[in-house]
Amino acid sequence: MLKNKKVVLVGGSSGIGYAITQKALNAGAQVVIASRSSEKLQTAARQLGTPVQTEVVDATDEQSVEDFFRRIGHFDHLAITIKPSLPAGRFLETGSKAAMAAFDAKFWGQFRLAQHGAQYIRQNGSITFTSGIAAHRGYIGYSAISAMNAATEALAKVIAMELAPVRVNTVCPGFVDTDPPTPDRTQYVRTLSPTLPLNRLGTAGDIADAYLYLFVSAYSTGTVVVVDGGAIC
Ligand SMILES: NC(=O)c1ccc[n+]([C@@H]2O[C@H](COP(=O)([O-])OP(=O)(O)OC[C@H]3O[C@@H](n4cnc5c(N)ncnc54)[C@H](OP(=O)(O)O)[C@@H]3O)[C@@H](O)[C@H]2O)c1
């Protein structure tokens, strides 16, 4: 399905990005995984067991992003799964500095990567952003996260028009059980699961399937694929 295609995954060293990497390799792609930590990238590359190119990039640093694409050269598909560190917290207790730093990584990080990467994307290529279900539903404690996810989807729609025929889409994950289980996390999963029609949280693999679909779906652009176990029903 992705034979002779080069796929670049920023955030490919863990979670959903790692699951996309596994599926893209299985589909025959040549894969570049990128994130800030060289150590995390090396660990991921060892675990994958199939050769991948690893590249250090910090999406909050314009020069780092520019140099990253210069090193990689031309490619087919770019997917971005950067997760900012911003703990959920009620609006009145959310510091604007922490919220802005998270916005800088998630929203502006995707903006910078798309802007600098676009010129290297081959014919029939694509960009896939990541938002999150908080863009579509209100969840207490998710004010800044909701805003950056909604902004991501809005950006993708406009640049899908400007960059065509390069396709630009967004995957919107619901709640995903990617963290190692801790007592708190287990309780959270138990509470949330019964609220979903499918009665479970998603796996990283469940979400990764949507990126693979968007890489090859030649008539999909400017769209949002929601993978949430029915959370927005
Ligand atoms: N997990 C969920 O429940 C869930 C739900 C809805 C939406 N999402 C969204 O799905 C995406 C992936 O989530 P995940 O749970 O798979 O995250 P994750 O496991 O924490 O992975 C995030 C990846 O982003 C990289 N990264 C973070 N900051 C970066 C930066 N400034 N520049 C380059 N790379 C950076 C990390 O590696 P380094 O630390 O090495 O940089 C890591 O590879 C995120 O956008 C998240 O908001 C997740």
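Treat the numbers as computed from the prediction; the structure is a model and nothing was measured. Computed from heavy atoms alone, side chains included, the values below leave out hydrogens, waters and symmetry copies. Numbering of ligands and ligand atoms starts at 1, following listing order.
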Side chains of [X] and [Y], heavy atoms from C-beta outward: is any pair under 4.5 Å?
| X | Y | value |
| --- | --- | --- |
| L155 | T170 | no |
| P194 | N199 | yes |
| V224 | K157 | yes |

Before signing off on this row, confirm whether [X] and ligand 1 have an N or O atom pair separated by under 3.5 Å.
| X | answer |
| --- | --- |
| I82 | yes |
| V176 | yes |
| N149 | no |

At a non-hydrogen distance cut-off of under 4.0 Å, which region of S131 contacts ligand 1 (side chain, backbone, both, or neither)?
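The answer is the backbone of S131.
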Side chain, backbone, both or neither: which applies to R36 and ligand 1 if a contact is any heavy-atom pair less than 4.0 Å apart?
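For R36, the contact with ligand 1 is made by both the backbone and the side chain.
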For ligand 1, is there an atom lying under 4.0 Å from some heavy atom of [X]?
| X | result |
| --- | --- |
| A204 | no |
| I133 | no |
| P173 | yes |

Going by heavy-atom distance to atom 20 (O) of ligand 1, choose the closest among E39, K83, M148.
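It is K83 that holds the nearest heavy atom.
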Who gets closest to atom 18 (P) of ligand 1 by heavy atom: A34, S14, S13, A19?
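When every heavy atom of A34, S14, S13, A19 is considered, S14 comes closest to atom 18 (P) of ligand 1.
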Counting the benzene-type ring for Trp, do F215 and H77 have ring centres under 6.0 Å apart?
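Yes - the distance between ring centres of F215 and H77 falls below the 6.0 Å cut-off.
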